[in-house]
Protein chains: 2
Amino acid sequence: MSNETQASTADLGEAPAAADGELIRSGRDATATRRALVRAARRRFATDGYRATTVRQIASDVGVNVALINRYFVSKEGLFEACMLRTSDELETQASTPSKSIEEVIERLIEHVVNAPDSDDPLQLLLLLRSSGDENADLIRRRTLEHFTRRLAAAAGWRSDTPESEAILLRAQLAIATSLGVVMLRTSAAVQPVASASGDELNEPLRQIFRVLLGRSGQ
Amino acid sequence: MSNETQASTADLGEAPAAADGELIRSGRDATATRRALVRAARRRFATDGYRATTVRQIASDVGVNVALINRYFVSKEGLFEACMLRTSDELETQASTPSKSIEEVIERLIEHVVNAPDSDDPLQLLLLLRSSGDENADLIRRRTLEHFTRRLAAAAGWRSDTPESEAILLRAQLAIATSLGVVMLRTSAAVQPVASASGDELNEPLRQIFRVLLGRSGQ
DNA sequence: TCGTCAAGTCAGCAAATGCTTACATCGAGG
DNA sequence: CCTCGATGTAAGCATTTGCTGACTTGACGA
């Protein structure tokens, strides 16, 4: 059960991230604790699901008391929202590198799919697709996915108002669905042989799929 | 867990395919009650997930007391196991129609993906991919998926012992992953536009994907 | 009619879970 | 030193959840 992720507390404490203008860290650093909680929570949510994850688990992963989750995020749902917002931000940042060719985008998507099991890739959190019993969380999740879809479709030549490019949007979302399906099999279910397949083995089939979906030949 | 209740497997097979008397359950019929429980449970598990589904919900759906679940299936896990076995059986039956061409298999897979949101398609249950916190359930799930993978791979020319056909196995599982991803987006998350796409719109892209993965051209 | 046994119900227990309230500890400043 | 706010902890409450044991109800044969 409590096997990994003990390091999260340590390395977050000693290295203040550059993102936000943080004050000098002291022995008890609220923002660092918050980040550690979000980090641990995202991992748990992505691998175990929303419902199956307990706040006590998350707190234990970080090594702090459970009550801090309610202090900083009000509720479990609030913590989940924070996770989603951070994931959305990361995907946004990565996608905003301008004027990528579709080939480059495909390569990056493949990389995400291949590496997701090992890293705590933001794509992992999107695995939380099923209704988590929380309406607000579901809304955030859906919005994130649709936004990501438009990003990918834009790289494939989608223009927002022409009706014929609706097909491109659909195809982009099928690419995302495929990615999520593969990540799902690799991470949560450990289904063979996909789970243990190397990046090299996955590379060629995935590239074929994405080219068919997003490239000019497929349309 | 593996004591009695093997009868549940048996009487699942010997059923007249009559229209479900699920809500109209009259009289005291143990096998009918068992079937109704499995049916309701499968729906709940597929849509809400294992953890989020409570045995009280399932019993209430059927209109029966909670204790019957423990009487007939020993535990919640036992009920889930029965659901998985039934799903596995259905997929098995459908896949066992002999000497299918790969094209036919692809068409049927597409049909599954397209229709899953409306019917209680067995594919839906496979959505239960995330670790449900129940080790035994995870094992069953993984086995079912791997079995299904081998079935699909066999239709694509897979032979069990030649090492080069491992690639075929991997590609078949990627096709399954894609199917699961699409079904997931369509059913649980209602992500647009895939969720509201018609079968006709999905047909062509999906066929392209599956041909690339399973057809001769892709290898 | 009565006995028997499967089918089903009822009330409740023990554990888990989200969350709250009261308390403790650390750092800094008067 | 002492106070005060911020950070963190300990204990526990209320609810949910899976499950159990004792009880009731219906069908059927002697």
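These numbers come from a predicted model, not from an experiment. Each chain gets a letter, A, B and so on, in the order its sequence line appears, and its residues count up from 1.
In this structure, A/Ser179 contributes its side chain and A/Ala175 its backbone to a donor-acceptor pair below 3.5 Å.
Taking the ring centre of B/Tyr50 as origin, the terminal cationic atom of B/Lys76 falls inside the region bounded by 6.0 Å and 45° from the ring axis.
Note: CZ (A/Arg34) to P (D/dA6) measures 13 Å, nearest angstrom. Atoms CG (A/Leu37) and P (D/dT9) sit 10 Å apart, rounded to a whole Å. As a whole-Å value, the separation of B/Arg44 CZ from D/dT17 P is 11 Å. When the P atom of D/dT16 is taken as reference, atom CD of B/Gln57 falls 12 Å away, rounded to whole Å. Atom CG in B/Leu68 sits about 13 Å away from atom C1' in D/dT20, given to the nearest Å.
Here A/Phe73 lies out of heavy-atom contact (under 4.0 Å) with every strand.
With sequence neighbours left out, the side-chain hydrogen bond (donor to acceptor under 3.5 Å, both in side chains) criterion links A/Thr53 to no other residue. Residues passing the side-chain hydrogen bond (donor to acceptor under 3.5 Å, both in side chains) test with A/Glu166, sequence neighbours excluded: none. The side-chain hydrogen bond (donor to acceptor under 3.5 Å, both in side chains) check on B/Ser196 picks up B/Gln192, with sequence neighbours excluded. Residues satisfying the side-chain contact (heavy atoms from CB on, under 4.5 Å) test with B/Ala197, not counting sequence neighbours, are A/Leu170, B/Arg186, B/Glu201, B/Leu202.
Contact between the side-chain N/O atoms of B/Thr33 and the OP1/OP2 oxygens of C/dA7 is not found at any separation under 4.0 Å.
Between B/Leu79 atom CG and B/Glu81 atom CD the span is 10.0 Å, to the nearest 0.5 Å. A/Leu185 CG to A/Leu180 CG: the interatomic distance, rounded to the nearest 0.5 Å, is 12.0 Å.
For B/Ala30, counting side-chain heavy atoms from C-beta on, the closest listed nucleotide (C/dT9, D/dG8, C/dA7) is C/dA7.
Between A/Glu107 and A/Glu111, the closest side-chain pair of non-hydrogen atoms is not below 4.5 Å.
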Report task. Starting at the 5' end of nucleotides 14-21 of chain C, put B wherever the base has a protein heavy atom under 4.0 Å, S where only the sugar-phosphate does, and a dash everywhere else. Result -> ---BBBB-

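Axis angle across the helix from C/dT1-D/dA30 to C/dG30-D/dC1, with five pairs used at each end and values rounded to 10°: 30°.
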